[in-house]
Amino acid sequence: MPDILKIENLHVAVAGKPILKGVDLEIRRGQTHALMGPNGSGKSTLGLAIMGHPGYEATAGGITLNGDELLDMEADERARRGIFMAFQRPLSIPGVKMSDFLRHATTNVRNPDRKEGEELIPMREFRKELKAKMGRLQMDTEFARRYVNDGFSGGEMKRAEILQLAMLQPKFAILDETDSGLDADAVRLASQSIAEIGREKMGLLIITHHDKLLEHNPPDFAHVMLGGRIVETGGTELAEELHSQGYERIREKYPEADADNQQMVAKDAVTNM
Ligand SMILES: Nc1ncnc2c1ncn2[C@@H]1O[C@H](COP(=O)(O)OP(=O)(O)OP(=O)(O)O)[C@@H](O)[C@H]1O
Ligand SMILES: [Mg+2]
């Protein structure tokens, strides 16, 4: 029986404002899902809610991993259980070196019962693995000595997220626009790297506005989000349609969700003034 991440009737509010309005999604380990949808439709919100970001409050529904309710767990517990998210806007952690961060995170995921202060993966073993994986991602090993995301270029940050993915080897990974800000060669490398890390070993949720990241990771399912719900699910052909033709057909077919989406985006425009 493969591991199953199941989202049922999930409602999420941010700062008291309802964003997700009943999301159902089931991802099995070994499957690749693409999540698409116009700006402000709730894609990142879904990812952050699965990961357990404290600002994203589930007001109804559930998220289970093999039947265990994730909503009852803190973000670090979810990570130990094998859930990973590469953020659309990764945070920098000045003062914490990439290598130390990765060594802690990798140890905690490989040894979920480890208590704070207990031994980490042996340095020699860890360095060897890190070096090999950085080499495959064409990353200079110098990066490991820098502070996490501190002064990284947009592309370097995204590469660092893929390095985390390669080291942590999670059961489920949410990649939120891991292709944004990457040049054409870097996107190709990212797409290949994700495939190489092993799609079949993970359940993948790839949030993207482009088709390049999916090139080496053809989705088994493609979902379209609009106004805080998943309005349509299909296969690769749906992803291809949206990439070539945009969301016009979807907006017309689901006017209620479209109205919600426009309202959410309009509110942003007002608050951003
Ligand atoms: N921390 C927050 N504070 C206030 N509003 C938020 C926050 N996070 C999300 N929202 C709002 O929720 C809505 C959905 O945002 P979300 O980031 O999930 O969209 P998205 O589908 O990922 O869009 P994009 O394609 O632009 O990344 C937007 O109206 C956004 O402003
Ligand atoms: Mg987003």
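Atoms within a ligand are numbered from 1 in the order they appear, just like the ligands themselves.
- Taking atom 27 (O) of ligand 1 as the reference point, the nearest protein heavy-atom neighbour is Q88 NE2, 3.0 Å.
- Heavy atoms of G55 come nearer than 4.0 angstrom to ligand 1 in no pair at all.
- The proximity of M225 to ligand 1, defined as any non-hydrogen pair under 4.0 Å, does not occur for either the backbone or the side chain.
- Minimum heavy-atom separation, L70 to I50: CD1-O, 4.3 Å.
- Linking Ile, Leu, Val, Met, Phe, Trp and Tyr residues whenever their side-chain heavy atoms come within less than 4.5 Å leaves F87 and L168 in two separate clusters.
- The aromatic ring centres of F143 and F152 sit less than 6.0 Å apart.
- Note on V12: it clusters hydrophobically with L46, by side-chain heavy-atom contacts below 4.5 Å among ILVMFWY residues.
- Among protein heavy atoms, the minimum distance from atom 28 (C) of ligand 1 is reached at D268 OD2, 3.4 Å.
- With waters neither drawn nor counted, the protein N/O/S atoms under 2.8 Å from the Mg ion (ligand 2) amount to 2.
- Scanning the protein for heavy atoms near atom 17 (O) of ligand 1, the closest one is S44 CB, 3.6 Å.
- Closest to atom 1 (N) of ligand 1, if we only count protein heavy atoms, is Y56 OH, 3.2 Å.
- Side-chain contact, D179 with T208: a donor N or O sits under 3.5 Å from an acceptor N or O.
- For ligand 1, the atoms lying closer than 4.0 Å to a non-hydrogen atom of T45 are 9 (C), 14 (C), 15 (O), 16 (P), 18 (O).
- Counting protein heavy atoms only, atom 21 (O) of ligand 1 is closest to K43 NZ, 2.7 Å.
- Scanning N261, V14, L48 for the heavy atom closest to atom 3 (N) of ligand 1 points to V14.
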Trace of the side chain to side chain donor-acceptor pair (under 3.5 Å) decision for S92 with D150: CA-CA 5 Å; S92 56; D150 195 27; 4.5 Å; no

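- In the displayed structure, E74 atom CD is contacted under 6.0 Å by at most 12 heavy atoms of other residues, nucleotides or ligands.
- Screening residues 237-247 for salt bridge (charged side-chain N to carboxylate O under 4.0 Å, His left out), with sequence neighbours left out, gives E241-R249.
- Counting only residues at least two apart or on different chains, the salt bridge (charged side-chain N to carboxylate O under 4.0 Å, His left out) pairs with a member in residues 185-196 are R136-E196, D185-R188.
- Residue V265 has no N or O atom closer than 3.5 Å to an N or O atom of ligand 1.
- Ring centroid separation for the pair H210 and H243 does not come in under the 6.0 Å cut-off.
- Every residue two or more places apart in sequence or in another chain that forms a side-chain hydrogen bond (donor to acceptor under 3.5 Å, both in side chains) with D176 is listed here: S44.
- Classification of the H223-F221 ring pair by plane angle, with boundaries at 30° and 60°, yields parallel.
- The proximity of I19 to ligand 1, defined as any non-hydrogen pair under 4.0 Å, is limited to the side chain.
- Counting heavy atoms of neighbouring residues, nucleotides and ligands inside a 6.0 Å radius, atom CD of E77 exceeds 12 of them.
- Taking a 4.0 Å cut-off on heavy atoms, G42 registers as neighbouring ligand 1.
- Of the candidates G40, G16, G47, G40 brings a heavy atom nearest to atom 14 (C) of ligand 1.
- In terms of protein heavy atoms, atom 26 (O) of ligand 1 is closest to N39 ND2, 3.0 Å.
- Close approach of ligand 1 to H209 is summarised as follows: ligand atoms under 4.0 Å from at least one heavy atom of the residue are 25 (O).
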